[in-house]
Number of protein chains: 2
Amino acid sequence: MARAAARIPLGKETESSDRVLQILSESARLFAASGYDGTSMRDIALACGISKSLLYHHFADKDEIFARIALGATRELYHFVHERLPEGAPPSARIRAFMTATGDYFQRYRWAWLASTASFWNDPEARRQKERMMWRDRYEGLIRTLISEAIEAGEIRPVDVALAVRLVLSSLNWMHRWHKPDKSMNPVQIADSYFEMIFNGLKQN
Amino acid sequence: MARAAARIPLGKETESSDRVLQILSESARLFAASGYDGTSMRDIALACGISKSLLYHHFADKDEIFARIALGATRELYHFVHERLPEGAPPSARIRAFMTATGDYFQRYRWAWLASTASFWNDPEARRQKERMMWRDRYEGLIRTLISEAIEAGEIRPVDVALAVRLVLSSLNWMHRWHKPDKSMNPVQIADSYFEMIFNGLKQN
DNA sequence: CTTGCGACTGACCGGTTGGTCGGTAGAATG
DNA sequence: CATTCTACCGACCAACCGGTCAGTCGCAAG
């Protein structure tokens, strides 16, 4: 239980009981597999081996469970990647680190990541997602800054920064749609290969 | 109604009444906005201004409506792109055409595309999706062949073909997660820029 | 005029959903 | 012993889900 719960990225400041961590962990797995709508509170309770009522003792409603997973996954992604950017290194090396760190995060917190992105769609009620979007913007701000710096430093061509950002993020974010954990290449190696291809280009010189 | 229905890609052989086209069109819009589970048959009937029963007069069940949209979108994507590959042109030019044609298809059939990709997740019942996957594989086979040919022709470096395919498809497939139709750049221009960046690389030479 | 047929409707069905409520067991506190 | 608090459960609810069904309407063929 504790091992599974460890796969849920949580801020160090927030203390949660084993039970709460178990609920979050099982919910992430179910949300990832079946989506938000496709996962019922009964499913979650059954997976945890507890009654449905107990879920409402620890959480206000279904949305709070999901929001906690999604917010945690997004916030910690920022911190995780930010901490792994080598200080003082040239921008291109930091871009590479940004990409491989994201791949690393993806394989560590696979269920939480999948859960938070699988149900990105149907969230018209943006109030609860506001803080999550803030961290997402900070995360995207990292790569935007790095690419701008790389252009200033003359390491990469003066391309459209916004589009280059989208290209990098697309390659990383689309991985969860096709990558299976038992593949020969892990997400870090894939992210590294992506960087090489994007940076050097496919063209034969 | 007919104009909206025209946004639904259907094979030329299938003849459908206006009513059926209207149902497909409205359903695509709703599925795109709220996902499969988030769209009820009542929602669809209300959007069409008809009774819920009438939906079952024209379609066997909810799944058939979705399957028809998703299968049509996937099958026609293959044909659309395949027809737009310039014969006899060098592989790199054909890769570029593959990408811009996909962007073009995306902006033409936005709702159907969004509907079919938004609910990619929760489809464990693969029987009905089998034909759809066949067309998806053919579509992906196009770009795989083109990249292999480009390597043989010496136009691009001998990179990992599977990964290069994923990189190209990621950039195109992730577009629907961030692109809004009112943006200054349209999907064709974006796809063209992606090709340029991927082909030539970001590195300053 | 009658028959048949496709388009169409409203009332209804069993099942599932997210969520509520009254209550219990047990450990800690006084 | 009495009180309080937290973790926990089973029974229950209104609302909504996908889907069914008997029947209505207008129109075209005999």
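Order of the sequence lines fixes the chain letters, A, B, ..., with proteins taken first and strands second; residue numbering starts at 1 for each chain.
For the pair B:Arg110 and B:Trp113, the NZ or CZ position fails the cation-pi test of under 6.0 Å to the six-membered ring centre and within 45 degrees of the ring normal. Seen from the ring of B:Tyr78, B:Arg75 does not count as a face-on cation partner, given the 6.0 Å and 45° thresholds.
Contact annotation: side chain of B:Lys62 to base of D:dG19, donor-acceptor pair absent below 3.5 Å.
Look at B:His58 and you won't find any side-chain N or O under 4.0 angstrom from OP1 or OP2 of C:dG6. B:Arg19 has no side-chain polar atom (N or O) that falls below the 4.0 Å cut-off from OP1 or OP2 of C:dG6. Residue A:Ser51 has no polar side-chain atom (N or O) positioned under 4.0 Å from OP1 or OP2 of D:dC8. For D:dC9, neither phosphate oxygen OP1 nor OP2 lies less than 4.0 angstrom from any side-chain nitrogen or oxygen of A:His57.
A straight line from CG of A:Asp43 to P of C:dT16 spans 11 Å, rounded to a whole angstrom. With rounding to whole Å, B:Leu30 atom CG is found 12 Å from D:dC17 atom P. The CG atom of B:Leu55 sits 10 Å away from the P atom of D:dG18 (whole-angstrom rounding). Rounding to whole angstrom units, CZ of residue A:Phe66 and P of C:dG18 are separated by 14 Å. Between the CG atom of B:Asp63 and the P atom of D:dG18 there is a distance of 12 Å, rounded to whole Å. Taking atom CD on A:Glu64 and atom C1' on C:dG19, their separation rounds to 14 Å, with Å as the unit. Between the P atom of D:dC16 and the CG atom of B:Asp37 lies a distance of 17 Å, rounded to the nearest Å. One interatomic measurement links the two molecules: CZ of B:Phe31 to C1' of D:dG18, which rounds to 12 Å at whole-angstrom precision.
Both B:Lys52 and B:Gly49 sit near DNA chain C, but only B:Gly49 has its closest nucleotide nearer the 5' end. Place A:Arg42 and A:Leu54 on DNA chain D by their nearest nucleotides, and A:Leu54 ends up nearer the 5' end.
Rounding to the nearest 0.5 angstrom, the gap separating the CD1 atom in B:Ile50 from the NE2 atom in B:His58 is 6.5 Å.
A salt bridge is absent between A:Glu155 and A:Arg94: the closest approach of a Lys/Arg side-chain nitrogen to an acidic carboxylate oxygen does not fall below 4.0 angstrom.
No contact: A:Ser17 has no heavy atom under 4.0 Å from any strand.
Relative orientation of the B:Phe31 and B:Tyr36 rings is parallel, given thresholds of 30° and 60° on the angle between their planes.
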